[in-house]
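Below you'll find the structure, written out as structure tokens, and then a few comments.
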Amino acid sequence: MENLPQVMQPIYEGKAKRLWETEDSDTLRMEFKNDATAFNGEKKASFESKGRLNNSISTLIYRYLETVGVPTHFVKQLDDTNVIVKRVDILMVEVIVRNVSAGSFCKRTGVEEGKAFSQPIIEFSYKSDELGDPLINDDYIREMQLATPEDLVHLRESALKVNEILSGLFAEVGLKLVDFKLEFGRLKSDSSVIVLADEISPDGCRLWDLKTGEKMDKDRFRRDLGNVMEAYEEVLGRLKERLGGE
Ligand code: TMP
């Protein structure tokens, strides 16, 4: 068994990304995969350019958020499908912000799709693939010790700030930010600091064209609307025009 090349293993593999160690113990390499899943992994597909598109979109958004004062895990883009990120302990709470009724909100309430809310709705879910990311509330989060009440205040404030910034950004490129999911993590190098982590891409946002109402996000895959990557490419093109980038 000697002299066999060591096969590198990711330290984490999710449905759409892998995380790899780097030489620096405070950073990781985050790789965007081409795999797409929906309905808690029940529906699966692979799209040739998804990793590249989501990496480019997420990189543009994270750089922008950093420039307007939102602390994130982003360090730099490495190549088409990889970024370097600060190492964090992910909070097991997903923060969802909704501006317009869609998706599970409609399913849960019977409200029709497309109703603009008077104020954004913030929702939390327990990050557990096994349980299908169930909806939870502040009391669950406290008792499950997923985050402290103080952390939760911070998560809410950050999510609302990100919503304002990104709703404005997407509006400038003719897109309505309907809803999105954020994840946060505690810096490995300083656990008192919580930063925005994971990715922001059409996989985890609903984006509707302001003129035509067309869906420009993963709902195209969930609902078999076709032209999934064409929509992601269009989102990237518009963001590049507004924010720059090669
Ligand atoms: P939902 O309507 O299915 O609850 O989704 C709300 C938003 O959160 C939508 O933009 C998709 C995103 N989301 C994820 O990114 N990952 C998930 O696991 C879920 C359930 C939603």
Side-chain angles (χ1 to χ4, degrees), residues 12-17 30 32-33 35-45 47 50-51 53-55 57-58 61-62 65 72-73 90-117 119-137 140-141 146 155-156 158-160 162-167 169-171 175-185 196-209 213-225 228 231-232 235 239:
Y12 168 84
E13 176 150 8
K15 286 177 285 195
K17 290 186 297 292
M30 184 166 84
F32 290 76
K33 304 199 293 188
D35 300 343
T37 66
F39 311 120
N40 206 28
E42 271 173 42
K43 180 168 174 166
K44 288 195 184 93
F47 295 96
K50 184 163 101 64
L53 290 168
N54 278 353
N55 186 20
I57 292 169
S58 194
I61 291 175
Y62 273 83
L65 287 173
T72 79
H73 70 159
I90 288 283
L91 299 178
M92 300 311 275
V93 183
E94 298 186 346
V95 184
I96 289 154
V97 184
R98 300 181 190 273
N99 296 306
V100 177
S101 62
S104 67
F105 178 88
C106 297
K107 206 169 165 200
R108 200 175 299 121
T109 59
V111 171
E112 68 191 80
E113 184 181 81
K115 183 186 175 299
F117 298 128
Q119 290 177 46
I121 289 180
I122 301 245
E123 216 174 271
F124 300 108
S125 61
Y126 177 35
K127 186 173 157 61
S128 163
D129 283 343
E130 209 183 1
L131 299 173
D133 300 338
L135 185 70
I136 53 176
N137 69 12
Y140 284 50
I141 293 169
L146 303 177
L155 296 191
R156 263 182 206 283
S158 304
L160 287 172
V162 170
N163 184 43
E164 256 188 61
I165 295 165
L166 294 188
S167 292
L169 174 67
F170 282 118
L175 294 168
K176 175 79 196 171
L177 180 57
V178 170
D179 58 31
F180 60 97
K181 186 251 318 182
L182 297 177
E183 294 188 25
F184 293 86
L196 192 59
D198 194 48
E199 68 176 295
I200 299 180
S201 73
D203 269 13
C205 299
R206 284 194 175 89
L207 299 165
W208 295 350
D209 187 276
E214 209 179 340
K215 298 182 195 309
M216 306 290 283
D217 55 67
K218 202 164 92 174
D219 270 350
R220 300 203 71 82
F221 168 62
R222 294 190 189 96
R223 300 186 181 193
D224 297 319
L225 299 176
V228 184
Y232 284 40
V235 171
L239 286 174

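Every number for a ligand or one of its atoms is a count from 1 in the order of the listing. None of these values were measured; they are calculated from a predicted model.
- In this structure, atom 9 (C) of ligand 1 has a protein heavy-atom contact shorter than 4.0 Å.
- Ligand 1 places these atoms under 4.0 Å from at least one heavy atom of R98: 1 (P), 2 (O), 4 (O), 6 (C).
- In terms of protein heavy atoms, atom 11 (C) of ligand 1 is closest to R222 NH2, 3.6 Å.
- Shown here, atom 19 (C) of ligand 1 is out of close reach of the protein: none of its heavy atoms lies under 4.0 Å off.
- Listed by number with element, the atoms of ligand 1 under 4.0 Å from a non-hydrogen atom of G103 are 2 (O).
- A donor-acceptor pair is defined here as one N or O able to donate and one able to accept, closer than 3.5 Å; such a pair exists between the side chain of N99 and the backbone of L177.
- Taking every non-hydrogen atom of R206 and a distance limit under 4.0 Å, the qualifying atoms of ligand 1 come out as 1 (P), 2 (O), 3 (O), 5 (O), 6 (C), 9 (C), 10 (O).
- In this structure P134 satisfies the side chain to side chain contact (heavy atoms under 4.5 Å, CB included) test together with Y126, L131, sequence neighbours excluded.
- Contact atoms of ligand 1 toward D133: 18 (O) (distance under 4.0 Å to a heavy atom of the residue).
- Remark: minimum distance from atom 7 (C) of ligand 1 to any protein heavy atom is reached at D179 OD1, 3.5 Å.
- Using modelled atom types, one side-chain atom of D133 and one backbone atom of S128 make a donor-acceptor pair closer than 3.5 Å.
- Per-atom contact check: atom 14 (C) of ligand 1 touches the protein, criterion being a heavy-atom distance below 4.0 Å.
- Among V95, V93, I96, the single residue meeting the side chain to side chain contact (heavy atoms under 4.5 Å, CB included) criterion with S125 is I96.
- Ligand 1 lies nowhere less than 4.0 angstrom from a heavy atom belonging to K107.
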Where do S167 and N163 land on the side chain to side chain donor-acceptor pair (under 3.5 Å) test, with the steps shown first? CA-CA 6 Å; S167 292; N163 184 43; 3.2 Å; yes
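- Aromatic pair F180/F170: centroids not less than 6.0 angstrom apart.
- Residue S104 has at least one nitrogen or oxygen atom sitting less than 3.5 Å from a nitrogen or oxygen atom of ligand 1, judged on distance alone.
- Atoms of ligand 1 lying under 4.0 Å from at least one heavy atom of K181, given by number and element, are 8 (O), 12 (C), 13 (N), 14 (C), 15 (O), 16 (N).
- Residues meeting the side chain to side chain contact (heavy atoms under 4.5 Å, CB included) test with Y140, sequence neighbours left out: I136, N137, M144.
- Classification of D217 and R206 as a salt-bridged pair fails, no side-chain N sitting under 4.0 Å from a carboxylate O.
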